[in-house]
Each structure stands twice: as C-alpha cells, then as structure tokens.
Amino acid sequence: MASNSGSSSSSDRQRIAQQRLRIIAGHLQRSEDGDSSSTVLLAAECKAQESQKTAGCSGEEKTVPRKRHEIMKWNGWGYSDSRFLFNKKGQAEFTGKRYRLSGMIIPGLKDWFEGTFGASLQHKTPATPVLTSSSVPPPTLNEAFVEELKSTGIPFSLEAEDRVFRAHGHCLHEIFALREGKFGRVPDMVVWPNCHNDVVKIVELACKHNVCLMPYGGGTSVSSALECPPEETRSIVSLDTSQMNRILWIDEKNLTAHVEAGIVGQDLERLLNESGYCTGHEPDSMEFSSLGGWVATRASGMKKNIYGNIEDLSQFSDGFAVVNIVRTDNFFSLSLMPKAERLHQGQPPLLQDEEPWVWSPEVTMKIRPMPEYQKYGSVVFPNFEQGVACLREVAKQRCAPASIRLMDNEQFKFGHALKPQVSSIFTSFLDGLKKFYITKFKGFDPNHLCVATLLFEGDREKVLQHEKQVYDIAAKFGGLAAGEDNGQRGYMLTFVIAYLRDLGMDYYVIGESFETSVPWDRVLDICRNVKARIVAECKDKGVQFSPLSTCRVTQTYDAGACVYFYFAFNYRGLSDPVHVYEQVEHAAREEILANGGSLSHHHGVGKLRKEWMRDTVSNVGMGMLKSVKDYVDPKNIFGNRNLL
Amino acid sequence: MASEAVYSHRDPMLKKRDDFEDILEERRNSSDLRYALRCYTPVLYKGMTPCKANTLKSMVLQSNQLRYVISQVSKETGRATDDVREDASAILEEMAHSLQLSTVRFFAFTLSKVFKTLFRSICVNEEGIQRLQQAIQEHPVVLLPSHRSYMDFLLMSYILYTYDLALPVIAAGMDFMGMKFVGEMLRMSGAFFIRRSFGGDKLYWSVFSEYVKTMLKNGFAPVEFFLEGTRSRTAKSLTPKLGLLNIVMDPFFKGEVYDVSVVPVSISYERILEEALYAREMLGVPKPKESTSGLFKARKVLSEDYGSIHVYFGQPVSVRSLAQGRVNRCQFNLVPRHIPGKPSEEIQNFVNDTAYRLVRAQEENMVLKPWVLLASLLLQNHHQNQTAGQERGIALDELTAQAVWLRDVSREYGAFLNWPGVMTPSEVVSSSLSLHRGLLEQGASRRRHSRRGALEPGSRRPLLRLVQEPGAARLHPTGPAASAIHAATSNQKQEVFNSFSFLRNMFSNEFILCPGATVQDFEEACYLLVKTRALQVTQQEVLVTERGQRTLAFLTSMLDPFLQGYQVICRFLCEEVADTLTEKQFIPAVRKFIVKHLLAGRLRYTEVLSSDLQKNALAALLRLGAVRKIKGAEPGTLKVNAVMVNSLEDTLGGKLPMQKAVSARL
C-alpha cells in the first residue's frame, strides 16, 4: 500500500514516510486491514499541500477547512462522522472510518458504563441537534475595522455557525452549554489570515480601531481560554489560524523546520514524515490542536522522553504580535516541580521563554529523523504503589522509553471495557488464559492490579535492548510483561476519551480530565488524596452514585511526574450539574495544590485556573507578568484575559 | 459532617444522644472462656492486614525522617551513624508495643471475671461503636478517651475486643513499664511506652513521632492516647497536652493520608477504683509510684461495689473538615516532608483549639449519675450549715426533694443525666447513697454528713468531681456567669460581662475553656439562663428572676471553693512571701498557710488543700503576670508583684469591681 501515492519518484524518503504514517495510524487510525484508503488519501493530500506551497497565500482542501463545522461537531469532540453510540442491541459501537476502533462493536462498554456510573440506557439526555442561528447574539461590529479589513481581501465571516464554533474550547461547561443550545458572549467575527503578512495587517487594523483579538488555533483548550470575557465591550474578532498550516522550510543540516503556527499536529507530523522527519510531539489532542497552541500552553507530548516537551522543541518563534495566544503558559509553583528543574539550570524563573507573551505566527522547531522501529508494550503490577516505584526507578536510571504511563486500577478496568469484540475463539481463549495466569497463578488481585503502557522508538536493536532494560526494572517491582496489545489499547484510550465523554453526556454522565505535575515522593499521596477528595465532594454535593475518579502517571521527569486525573459522574437528580461539577473540580485543584502539585502541567492556566496564579507565582511574579503585558500590549488588543 | 460534633451547639436540649447497651449482661449469661477464645476478625483500614510488631519497627528505622535525624545527630555529636542508629533502635525497643492476640485473650478472660465482680454494668452506646467501625474502614482513627482511672485503657481494649473492632495501640506513660511483669503484659496487649519528658532529645522525639505516624498512616491499628496526658485526679478535665495530637495530625497536614478521624470517648465511672487515693491526693498527699506490689496491695478494692460504667463513643471528628480554611497545607510543599520542623503558629493554634474542643466533646458526653447531684447538694448543705452554725445533716426526704429539683434543672441545662426512670426518686436516692455508704454518716432519723473532721477525704471528693460534671460542659459558661452576676455591683450587662470575662480569664487554667471564645460563652450562658427563665436579659441589663434565685445560688456556690482558694493563695503570696520563693517551696508553704487558716476556721473549703488547685492558681498568676519567673538565680525562682496580687485578691473577694482589661466587647 506504500508507494501508490502518485507522481514523483518513489524515493527512499517517500518509503520511510509511508512507514511512518502507518506507525501513527497504529494508534490513531484504522489499520491496514482491507480499507487502506484513509492512509492513501492522507498521503495524497500531502502532495497537494506540497504543490500549494508555491501558490503562496491561498489555499483550499485543508485538513481543517475554514468552515470547521462541515466536518467537525459543533457541540462535541472531533469529526462529525465519528462517535460512540449504543446500537439497538444495546451494544456500544464507534462509527465512522477514521480510527482503528471505527465500525467495531465494544461489547464490554455497556456493562462497565452502567456498573460504574449507575447510568441506564433508558435515561437519555440528547443534545440540541442543530444550531439555531437566531439564538446566537447578533455581532457587535466595528464598522470602520470591517471596512478596512474588506479592502485587504483577507477572508472573514459573520455567520453564527462560525462565530459559535470559535467561542469555546472543550471544557465541560462549554460543551454542556452548547448541547443545551445556550450561548454566552461569542466572537463578533472570524477572520482567516493566510500568512504572516495577513496577521500583521489584522493586528495593525485592530490597534487602529481598538478591536479585541482572540487567536484561535485548534480550539482544544481545556482552560476556558477561548471564552470571550463577558466584560469586553469592544468588538471581538477571532483570529483563526487554521489556514496558516505550511512548513516553510526544513533545514536538514541543523535539523530544524520553520512552520506556520496554525498547523495542526497530524498535518505537521504527516508533512515532516514525507521528508523523512518527525517532531515526535504527540499530545493526546494532536489531531486537532495546533502548533501555536502548543507553544502558548507549553504542551507536552506523550513521547517527550525522547523528543522533549514543546519548549525543548521550539527554538525561535518569530514573535511580534502581542501577548497571549490561544491558551497561556503554565507556570510552576516555585516548589519542587519537575519542570522547575529548569530553575536549577540557571534560567530565570518567570520569563524564561517568551512564547506566552508573544503570539508567534511562525515557529522554528527542532525535528528528528523518523525512527526506524516502534514497539508497544505493557507491564502489569500487583498494585499502584509498586507501579509508581517502578516508574520512579526508570526515571532515576534515565532509561524511560518514548512513553511510559501507569494507569491505576479503575483506568485499567476502563481500558479493558474498551476492548473491541474479538474475532476468533483462539484470541478469547488466549485472553482467558492470560487472565488466569495473572490473577490465579501470580496472585494479582484484579481490584488492585494496574498496568503500565510503554512505547519504544528508535533503531531496532536499541529498542530491543531498551525494552529488556525496562522490563528488568519492572520485574524488580513485581511487574509482569503483559503484551503489546494492552499497551496499544492504553494509548488508544487517550485518543478516544473525548469521544467517550460525548457518549456519557448522552446518558446523564459528565466528566473531565485535568493534570498536574508533582515531585516523586508525593505522587502516591496526591493520587490517593485527589481521588478521595473527588469522591467525598461528589457525595457532599448530592451526587447519587459514586463517581469515577481515576488517575494515571503519564510523564516522568528526573524530579517528579505528571499525573492525569479523569473524573466523571452521573448527574441524575441534580438541578445544576455543571455547577456541582465545577465545585468538585475546584476542590480537586485545591487538593492538588495542597498536596504539592503544580497549577498545571500542560493544559495551561487560561481563565479556569487564574485565581490560583497569585498564590503560585507570588505578588512579585504577578507584577512582573503584568508589567510585561502592559509594555507589549498597552491597549489590551489581545484581550482574552487569560493568565492574569 | 463530623465537625459539628465538636463545635458546641446552641441548644443542648435538642442534642440527641444514643442509647446504652450493657455489655456485661451477656458475660453473666455465657462462658467467659468461650468468649476469650472466640474467633476475632476485626476489619482494618482499607482492608489492610495487620502488621507484625517487628516489621513495624524496621519500617520506622528505615523511614526517611529517622534516617535524616540520625545523620544529623551523628554530625552534631560526632558519633558514628551506626552508634546513633543503635540508640534509636534501643529507644524503639523500649517503646514499641508487641500486641499479641493470646495476651488479649488472656485479658479478655480475666477482665470479664474482674469486671463482673466490680461493676454492676458496663454500658456502651452501640451506635457509637457502629460509627467507629465505619470510621476505621475509611480513615486512620485516633481514639481519645477521657482519663480518670487505670482501668481506662484496659476497658477500651476490652470493649473493642467485645465488638470485634481493631484493637488500638495505646500511648502509655513510662511509669507503667516500671511495674514488673505487668508492664510487659500491657505491652503485649497493645500499649507502647513513652517517657514523660524528653523535650530536648531530638532522637527520642523523632523515633517516637515516626513510630506513631507509621502506625497511623498505614492504618495498622487505631492509635489511642489520652489528651489530658495523665489521669485526672480531680475528675475535672485537665488542660490537654498537644504533643501527640500534633503528631497524629501531621500526616494529614502533609498529605500522607486523606483524613484522620478523631473519636472522643467519654468514660464515666459511678465510683472510681482509685477514689480513696485521689481523695488523699486532693489533700496534697503526693501520688505514689506505680509498682506491681502496689497494685497487688490494692486488690482489696476488688471486693467492693463500684456501680456502673458508661462509655460513650462520640461522633468521629474529621481532622480534614476541622482544618478546612484554617490550615494552609501548601506550607509543606517547599521543604521535603521528612525533614522535621517546628509546627507553624497557624498549626499550633489549630491544634490547641482542636484539643480544647475535643476535651469539651469528651465532657459533653460524660454521663451524670444521681449520686453526683446528691453529693453536690450534701456538700452545699454542709457548708451552709457550717457557716450558719446550725446542726449538721439533712433529712432524707428533703434531700430527695432537692435532688429532684436539681435533676430537672440539670436536664434543662443539657446535662447527660442517667437517672433511672423506673424507680421513684426516693429509691434512686437510697440506692445511690448505699453505693457510697462509706462517705456518709446516718443519724437516728437523719442522714448526716460525715463529721470526721476536715481531713476526712471521702466527703470532700465528690464536690470537685461535681464541678466538672453537673451539666458537664454546661457549667463553664453558666457557672462563671452566675458568679459574675453575683459579683457584679450592678445589673449592667457590660459590667456583668466584665466580671464574667475576669473570672473566665482567672480560671482558664482550672477549667477547659476554649481560648478566645469569651463572648460566645457569655452569650451561650445568657441564652441558657434566659431559656430556663432564670434570667431576663435586656439590651442593657441582666435581671435575675424570682425563679432563677435558687438556680443561680446553686451555681454560684459551685464556684465558691475556687474563688476562695485563689483568694487564699493570693493572700499567701502577699503576706508570707517577702521577696522571692522557688517553685519547689511554693506548694509546701502554701499548704502550711492554708492548714493554719483552716484550723482557725477562717476557711470554709478544705478543697483548697488540693495541690492541683494550688498549681493551677500559680499558673494563672504567672500567666497574668502577677508572679514572674526570674532567670539567673536558682531555676524556678518566683517574684511576686505584690500590688497586682493584692488587687486580684480584692477583686476575687468582691471588694473591687472586676475590670479585667476587656478587649472583647459585647
């Protein structure tokens, strides 16, 4: 299936690119079996992209079109054609063709769903099906700005659909409101700059006419960063960067690439792959989130152990246009935060990178040759404590694979419930045997055991060697290798989790994820306490069924780890579920901070976590941030009011 | 949920208390041996399996905190780390419990026998037991029983064993360990031993705190200790000691556990085993050293009837909810948690307040027996007759009538009174009196108060007991309020409040008074007195009603011995102390002075002889600055500010208006 992508010479590079694509497809896309069209299509698309490069600032047929709502859900996650649903037989299935899980039946999900949340398929809470434009507030326009903008020829829109789509990220309260057909303040117009120069023109006009600009990248923010400040009286213009999605040049000598900031993760990776390179930056949202957003929030990709987090990747950003892009920086409390390692390397604590202050339409970033070999793996531990001890040891020996994640027991069960129907009796027999071996022979308690998922990358020999090293360490902590399949499914979970939330919301279940970074000695404590706090708060606020409260350790650093929490509950019987949800999330964040966790690891502060900024960075820190903002953007043109 | 149990409720009468169940009844009807050998499978915190004593020790020795302190001590003293570790290990050996089920079973058997002969019943609130069982599964639990008798911790373990609950590990004073054989028995039943004072010994403190924390954090067993630190010999609660409470809260502050449940337990004895001993101590005879032979000699107490015991397991209190908004746990984020540090002021205040609240919670659930009421009536009658020079004694029917009155009053004040409903009042009175026969004399037709002179201890003891008990916690606001009304020169509310505040301040070493709650207590007292129609309170004035005269007189006379006691001590300091004296000299000297006055008949209350009261008074004077400790000279040298002491004495005696520097206004 590799070389049918068309015209040019099927060079080595092209071949490697195809291979690379398959690897990504491994945890993103539907795999080779039968339908290889999606892969082919993607590869074909890149060629088109290549040719467009010469065509300058005009573009069409993008992964992310201007009219996003044509292929994506306006009130949920991801592509319109992909969603979970319970079919007539009551079995869960995933629609569409895009993913590995697409078109498959997931037999275990219903029982897990009903058992965990006390939800029932009889009780539905369907979303408002269509967006009624009349209920969207009419735009407040700055006529002079609009007139001058027209003369530049930069495309813009005043349509309700476009404006609503850019008025939100993916926080629970935002999606919940959309599903109910409720809209708060939405941007008054959307513009689509096509290149650097367009951005310059727009910002100049905005300054001239005093218009508020809110950059919009992938729209995957989970920090309320895209919410229009209700107190904003000026016209709000959403600056959608999706059309700025080209790789401008690749420097193979220095292994850097210069890229427009609007490019989404999957495009960036695909385009680089074609040239035989990759960034290796794979955050869970990489299908939709944009480079600009990553830089602004200090994103962290799952393979950061090899490739680094975004701040290690991006070298220069050509910053001119003022403060605060889509989401804002996550600062670390000046305690023993992993990322605070950089403090010890002599960098000043606050203004170490300029990204949060300067919105960069273009970014120069490091690239790497594509890895030759990739392998998943997993390890079962008798309990979470042992698992954490093992991860700590791996971090200590600095031999972490590209990705290593530890799921707790609840999440392991969750992942298990997502197992697609097995095709052969043999596989199910084998599964049964595995289960028997682990629980009966090895004596692991199925209610305590937990799983670490692994991903190795590099050249084949090294990967195998590395794998052995990691498994040896794991064995010291009672870990048993549990196969590639479990590992792969673990990563799949993180890509489909947002789709699953939409399913939950159809049946009275709401949920969210949040993250933190924490020193190693507190990992266990923070996991226990935050989970317990969530359960206690839910009970306290009248949630009838015990919530799902689960966590995983997703990144390891020398001094600490990143911990990710999922939390969801059944809201039947609550009059104001979103408020309850917000109270619980607030309490959970307080618990995180009280237990030595940071305000955010990679989601950013936005408006959601702004209230803790002062405690985190101190008055002096706030003063410094404020004065930078005042210096760079005295008229508050980039007025999304995040962070400060 | 649980926090409300500690914060006092506005209306005590609405307070619902659980019913009691007698656990001895079953023992009387079935085999003790089978009971001692029955299957015992308590549930533990989060389904933990119990931990061997040796595993626990090695966990402590390997803990980061201890390792850190060991290396520090070794650096400071220049000794080898291994030596210091040996020391730590020896300390741990001396301290650690070695709970063994066989010993527990032995105790279960023998205690069943002993309890059945000593007590009529041991009543336990089963709902409290259920709450405790729930709490043990959810969070690490700390049990805080009141401490009036040696029996307390054996009794606690006995009850927990009976209900198939996890056996606690108990912090006991080192003096028990001095008792041959018995010490080891106690150790095997779950006691661990701590030195009474180890202020400067960093290593000791570290081993000790780590030991307690390890047990608590891992939820191996509930940790039990006595907030008051030692047995209260006066039946009044003692000022709580904060060290252990600090230690058990620490894992919560540092996020090592999600929460800690603290369960106050109130144990009320109808008659304490040690009553003779305490009564002697109250007259200043020092406490004898604990020894096995002493215990053996004391076996004669086994032949008497000690009535019933009531054990009330209070509402588990969540440290988390208490600390909510009061303690900022982020303060531990910047320093590695195993490095020991002095608790911040915020935490000290919090622990201190919590300790007081917990002691109050214990007091509130103390059960009052009819005898307590009778004793107070008898004593007041005795004192009144003494002053009036009348014939001593009181007629039985008069006593009964008064007791009924007092019963109703104390119920109104929310006292937890255990007055048998099925008996007529006179039956109740005679049954109570028969239990304490030794303390009373009976004339041909009248019950007489014992007349064996001022040094007859038994007759005096109940009063002090009573001070703590009628309406337990209720007395504290109302008692001083009543005295304040009595003492105030006018009916002005502000003036009454000033007096109240003065008395409260004066006696805050004597009674358990929550720090900083003066206004709240005053309002609560007024509320109660108004509610029972003893007072009328307007914007400006406080008026005693017709109906209230008797109640207030009663309450006032409860506080009288203390007023007089403090007054005498002030007088002593003014008259006898020329310049300075040492702390050691204080007690004997003041005793001599008091005895002189007693014999001369200038003093009514022999309670003043109690060394406890004398020490408290001195502490109060030190706190108020009327007496100062001077540095330099012999340690513990005291200097008296004669003017101030003089004015305090006059104020107490009612010669001066009580104008305590009032910072808190109404």
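Chain identifiers are assigned alphabetically (A, B, ...) following the order of the sequence lines, protein sequences preceding nucleic acid strands; residue numbering begins at 1 within each chain.
- Closest non-hydrogen pair, A:A594 versus B:C330, comes out as CA-SG, 3.8 Å.
- Between A:D525 and B:R337, at least one side-chain N (NZ, or NE/NH1/NH2) sits under 4.0 Å from a carboxylate O, which counts as a salt bridge.
- Of the inter-residue distances, the one linking A:E590 atom CD with B:Q324 atom CD reads 7.5 Å to the nearest 0.5 angstrom.
- Note that OH of B:Y258 is 11.0 Å distant from CZ of A:R528, once rounded to the nearest 0.5 Å.
- For A:H448, the NE2 atom sits in a loose shell: 12 or fewer heavy atoms of surrounding residues, nucleotides or ligands are nearer than 6.0 Å.
- Crowding of A:K476 atom NZ: a count of heavy atoms from other residues, nucleotides or ligands under 6.0 Å exceeding 12.
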Does the side chain to side chain contact (heavy atoms under 4.5 Å, CB included) test come out yes or no for A:R522 and B:N333, once each step is laid out? CA-CA 10 Å; A:R522 287 173 174 270; B:N333 289 353; 3.6 Å; yes

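- A distance of 8.5 Å separates CZ in B:F252 from CG in A:N529, rounded to the nearest 0.5 Å.
- Taking CG of A:D540 as the start and OG of B:S321 as the end, the distance is 10.0 Å to the nearest 0.5 Å.
- Note on B:R320, B:H338, B:K254, B:Q331: by heavy-atom pairs under 4.5 Å with chain A, the leading option is B:R320.
- A distance of 9.5 Å separates CG of A:L593 from CG of B:N328, quoted to the nearest 0.5 Å.
- Atom CD of B:E76 is surrounded by more than 12 heavy atoms from other residues, nucleotides or ligands within 6.0 Å.
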